[in-house]
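Nothing fancy with the numbering, it's 1 onward along the sequence.
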Amino acid sequence: MASTTVRTAAQADPDVARRAWPRWLAAGAALVVVAVVAAVWTAGGARLLLAALGFFGAVRGATLVAGTARARLDPRARGLGAGTAVAGVAALAVAAVPGSLAGWVLLVGAPLGLLALSLLLLSRGGVARRGGLVALVWSVLVTGLLVGAGLATDWARARGGATLVAALGVAVLGLVLVAGSAGLRAAAARPAPPQPAGCAGCECSGGGCGIPRAD
């Protein structure tokens, strides 16, 4: 997944990449720091993770909705962005509630998130499909361990285990963004393609600008 992100980012438009790579790097580094703090902070790690994921989802969803509205892209992408933004706001609301609610949400959400990721990867081919099989095995193991911990000892320990699993997922997401920022930075360093003499860089699809073009 990280290698795919780097390859895709490296093919981005240089101007877009120049603006985006610092944001990707900052977001990725912030997620890694949040994951480390949440893993060692027993009392508030679950709430911190939900707050970080909620903020990331709300911003990403709103950006996707705004981008699809400007570019008039597939309405399904706009619906996905809206759903992501709503889920992010809901996660922020849960994170604001004191107590163990955030831990219970992660106890349910962490296995479901792994299962959803595995199904998404399985729907693709090649390396992604093999990664989906690994993720599916992990989702089954994680679910079994969390349920077993809850039944054998207490559910507080299971919630703590779910927080660690979620922290690992957030750290992986942060590393993917950092890797993607490296690809964007490489794309930003590419020289702009040369333009024909006399070309002002405007669109020619509307009938041309009247400047003769050499074949």
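Side-chain contact between V170 and F56 is absent, with no heavy atoms from C-beta onward closer than 4.5 Å. Inter-residue side-chain proximity for L106 and L49 is flagged as met; some heavy-atom pair is nearer than 4.5 Å.
No single ILVMFWY cluster, assembled from side-chain heavy atoms under 4.5 Å apart, contains both L133 and V137. Both V37 and V34 sit in one connected hydrophobic cluster of ILVMFWY residues. Membership requires side-chain heavy atoms under 4.5 Å apart, directly or through other members. If you chain together hydrophobic residues whose side chains sit under 4.5 Å apart, V97 and V105 fall into the same group.
For V147, the side chain to side chain contact (heavy atoms under 4.5 Å, CB included) criterion is met by T143, L151, not counting sequence neighbours. Listed by chain and residue number, L50, A51 satisfy the side chain to side chain contact (heavy atoms under 4.5 Å, CB included) test with A95 (two or more places apart in sequence, or in another chain). Taking the side chain to side chain contact (heavy atoms under 4.5 Å, CB included) definition, one finds that L25 meets it with W21, V178, S181, sequence neighbours left out. Listed by chain and residue number, V89 satisfy the side chain to side chain contact (heavy atoms under 4.5 Å, CB included) test with A58 (two or more places apart in sequence, or in another chain).
Residues A62 and A85 approach most closely at N-CB, 4.0 Å, considering heavy atoms. When every heavy atom of G99 is checked against every heavy atom of R47, the shortest pair comes out as O-CD, 4.3 Å.
Under a 4.5 Å side-chain heavy-atom criterion applied to ILVMFWY residues, the cluster that includes F55 comprises V59, L92 as well. By the 4.5 Å side-chain criterion applied to Ile, Leu, Val, Met, Phe, Trp and Tyr, V86 is assigned to no cluster and stands alone.
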Just list the side-chain donor-acceptor pairs under 3.5 Å for residues 110-122, sequence neighbours left out, or say none.
unit_1, atom_1, unit_2, atom_2, d
S118, OG, L114, O, 3.4
S118, OG, L115, O, 2.6

Show me the donor-acceptor pairs within less than 3.5 Å that the side chains of residues 156-169 make with the rest of the protein, sequence neighbours left out.
unit_1, atom_1, unit_2, atom_2, d
T163, OG1, R159, O, 3.0

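Applying the 6.0 Å contact sphere to CH2 of W41 captures no more than 12 heavy atoms from other residues, nucleotides or ligands. Atom CH2 of W104 has more than 12 heavy atoms from other residues, nucleotides or ligands within 6.0 Å.
Distance check: R23 CZ to L177 CG gives 12.0 Å after rounding to the nearest 0.5 Å.
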